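Below: one structure, written as structure tokens.
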Number of protein chains: 2
Amino acid sequence: MDKPATIRDVARVSGVSVGTVSRSLNAPETVRPGTLGKVRAAIQQLGFQPDSRAQNMRRRNTMTVGFVIDDIANPWHASCFKAVDAEMRQRGYSLYLMSTNGRAAEEAAAIDMLQHGRADGMIMTINNEQDARTIKRLKELRVPSVLLDRDIPLDIDAVLTEHATGLRQATSYLIELGHRRIAIITAGSDIRPGRERVRGFIEAFQRSGLPVPEDLIRSQSLSVDFGFREATALLQMPERPTAIIAAGNRILVGVLRAIQQQGVSVPQDISLIGCDRSDVALLYPGPITLIDRPVEEIGRTAAQLLLERLGGHSDRPAQRIAFPTQLIMGGSCLPVPKR
Amino acid sequence: MDKPATIRDVARVSGVSVGTVSRSLNAPETVRPGTLGKVRAAIQQLGFQPDSRAQNMRRRNTMTVGFVIDDIANPWHASCFKAVDAEMRQRGYSLYLMSTNGRAAEEAAAIDMLQHGRADGMIMTINNEQDARTIKRLKELRVPSVLLDRDIPLDIDAVLTEHATGLRQATSYLIELGHRRIAIITAGSDIRPGRERVRGFIEAFQRSGLPVPEDLIRSQSLSVDFGFREATALLQMPERPTAIIAAGNRILVGVLRAIQQQGVSVPQDISLIGCDRSDVALLYPGPITLIDRPVEEIGRTAAQLLLERLGGHSDRPAQRIAFPTQLIMGGSCLPVPKR
DNA sequence: AACAGAAATAGAAACGTTTCCAGAATAGTC
DNA sequence: GACTATTCTGGAAACGTTTCTATTTCTGTT
């Protein structure tokens, strides 16, 4: 009784065949105006809306894309999602959001889930480029996908950031301010941002002909906790660093927490550089000097790469597009006082 | 050639009927161990995975739920999403995230989209409780849903916050510190949080027998921009307020931006109370005193209400569950100096 | 008015699964 | 070993749409 009307009901009421109803919906220019009118009237009368489950079944797609990240509470990911969503939505796609909490098992489950007709493609930032389980999943991927800021030797599109250049720039800036004891806290070498950032950091010292402060390189994770732990340790060192680069926006949160707890002031007691434009960084009194990257453009590009493949031009080889960073001067860095 | 195997292929290879294969997957206890073995072997061999599009079609569900909010970059929404996701995922559901940017048209489109078989249910925070278009959509809703922090006279489950009590408490606290010129910036009366917060604010003054500072009530929108605009105006008043309650976590961001721009210091020049635990509020030197609410519990509750309905017990009347707030003391409020 | 060619429509098959029903195989009882 | 009761299985229908083919209807020309 309350059952939703089907295309069959519409056909019956308007006195045409189901095929014609379908064409009225999907290719109205191929149906005569008179017929179209009758069909539309029936649709109106019955309040008919095509059932997308049946459409998905028959068309063999879902107009859905998966967005897989570790944590949507990371504001960078949220902004990126919005950019991707805006681009995809205007082409009729909806997004599944899968927040994997950084657990490999959930990541693998997310990828599996999006296979087999649940989604037409995916955009993702995986947690570990070396994780065998994830790599295997990616290799067997049946749907087009785009990696965000990750680098895997497979034929998969990727949108990257020029982290090395960004870090070199930031580090050189601190060196010019007279800093020598500069610390970097960032991801491990299991993901590209970790590797590249450390590389840029080291390069800056080498180019200046200065020794690399190996003991101040903390490269392991992008988490708040890691940032907090390492910043706490660094601040308690006998020969404390004069500057910290929190290379990761969650790390910055951890570092600020440590700074708050230790009662240290920025920039008087220590200089600080963060990553990614965020409310925390921009509103922190100073504000915090940042290595920024164009998140909207990155998201939009990822969406476009995916849309190309979804459009059927899946023949081209994988593309890797890298975006530059920009050092945004805040007030969180001071020259090292002469002594 | 590369076509994914179907249940038919599995049936052929294992020498049983398709019905038996289906039952091997969905009710293995009803098939004999020997048969089950053969079927599983064939599944393994063919790398078969059931096509969810076909399952959705036949089962008339999608194991998918829509999460509709105005902006996922709002950290409260992100946390809420995570709580909902965790709860739903463990019951096999995935979430569509629809970020409507506060536009009624996108909101209506999102609701429409999730109908007609795209999702089995939805959880949402609509932008305007009076918007006719949205109300109409909600009234005709074919899928179970839960409102987050919104109050609409329809038979829909809702999870709410006791904003009035929270605001009364916060305002009373400021009054006890000697503040009289207290400003509140919050949502408009078109949504429950706006109405309730203003109500609590007014009640606090009334209970203290003090006149309500009507000129300091700015109730219109939850946006960053509104917070910025109103805070800027308030700070430039001849008789500037001695305290501001930024009643909305995005509003707080706008207020802090204004405070930064005007070169005002918290709490020396002005006392400040924010809403919702967030990195910005917790890391801002002080930190900022907050009216908090249990976001995880709220998200979990919303998910549970929805799951109940999805489980088929859709006969019970709509429930409205409200959660209390908690005043978290930071360091952003000072007593008003005697003069 | 007859015809050819084009345009529009009807009808059926197909997409891959679940589920129902009838019938076959098995187990249990005497 | 025959019978009944039970468990399992095969086969077909169904879910609601799109798309293909064949047929009908229309348009324009003679």
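Just so you know, these numbers come straight off a predicted model, no measurement behind them. Lettering of chains follows the sequences in order, A, B, ..., and the numbering in each one begins at 1. Computed over heavy atoms, backbone and side chain alike; hydrogens, waters and symmetry mates excluded.
- Recorded end-axis angle for the helix from C/dA1-D/dT30 to C/dC30-D/dG1 stands at 40°, based on five pairs per end and rounded to 10 degrees.
- Within the 4.5 Å cutoff, no side-chain heavy atoms of A/D190 are placed close to those of A/E129.
- For DNA chain D, the outermost nucleotides in 5' to 3' order that have an atom under 4.0 Å from a heavy atom of chain A are D/dG16 to D/dC26.
- Without hydrogens or angle criteria, A/T100 side chain to A/E106 main chain gives no donor-acceptor distance under 3.5 Å.
- Contacts of B/R53 with the nucleic acid, taken as non-hydrogen atoms under 4.0 Å apart, are absent.
- Within 4.0 Å of B/T6, counting heavy atoms only, lie sugar-phosphate atoms of the nucleic acid but no base atom.
- In this entry the distance linking CG of A/N26 with P of C/dT9 reads 15 Å, nearest Å.
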Show the atom names and distances, to 0.1 Å, of all donor-acceptor pairs under 3.5 Å that link a side chain in residues 81-88 of chain A to residues at least two apart or in another chain.
| from | atom 1 | to | atom 2 | distance (Å) |
| --- | --- | --- | --- | --- |
| A/K82 | NZ | B/D71 | OD1 | 3.0 |
| A/D85 | OD2 | A/R89 | NH2 | 2.4 |
| A/E87 | OE2 | A/Q304 | NE2 | 3.2 |

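- Between B/L95 and B/T64 the shortest side-chain heavy-atom distance does not fall below 4.5 Å.
- Heavy atoms from other residues, nucleotides or ligands lying under 6.0 Å from CZ of B/R142 number more than 12.
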For nucleotides 5-8 of chain C, which of its nitrogen or oxygen atoms have a protein nitrogen or oxygen under 3.5 Å away, and what is each distance?
| from | atom 1 | to | atom 2 | distance (Å) |
| --- | --- | --- | --- | --- |
| C/dA8 | O3' | A/R32 | NE | 3.2 |

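- Side-chain contact check for B/V68 versus B/T125: every heavy-atom pair is 4.5 Å or farther apart.
- Contact check for B/L306 versus B/P144: side-chain heavy atoms found under the 4.5 Å cut-off.
- Among the protein residues, A/G15 comes within range of the sugar-phosphate backbone only, with heavy atoms under 4.0 Å from sugar or phosphate atoms but none that close to a base.
- Applying the ring-ring contact (aromatic ring centres under 6.0 Å, His included) test to residues at least two apart or on different chains, the pairs with a partner in residues 95-147 of chain A are A/Y96-B/Y96.
- Proximity of B/T134 to B/I111: side-chain heavy atoms (C-beta onward) are separated by under 4.5 Å at one or more points.
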Which atom pairs, donor and acceptor, lie under 3.5 Å between side-chain atoms of residues 7-15 of chain B and protein residues at least two apart or in another chain?
| from | atom 1 | to | atom 2 | distance (Å) |
| --- | --- | --- | --- | --- |
| B/D9 | OD1 | B/R12 | NH2 | 2.9 |
| B/D9 | OD2 | B/T6 | N | 2.8 |
| B/S14 | OG | B/V10 | O | 2.6 |

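- The residue A/N56 sits apart from the nucleic acid: no heavy atom pair falls under 4.0 Å.
- When the options A/V65, A/I156, A/L305 are evaluated for a side chain to side chain contact (heavy atoms under 4.5 Å, CB included) with A/V146, the one that passes is A/L305.
- Each of B/T20 and B/R59 was assigned the nucleotide of DNA chain D with the nearest heavy atom; the assignment lying further toward the 5' end belongs to B/T20.
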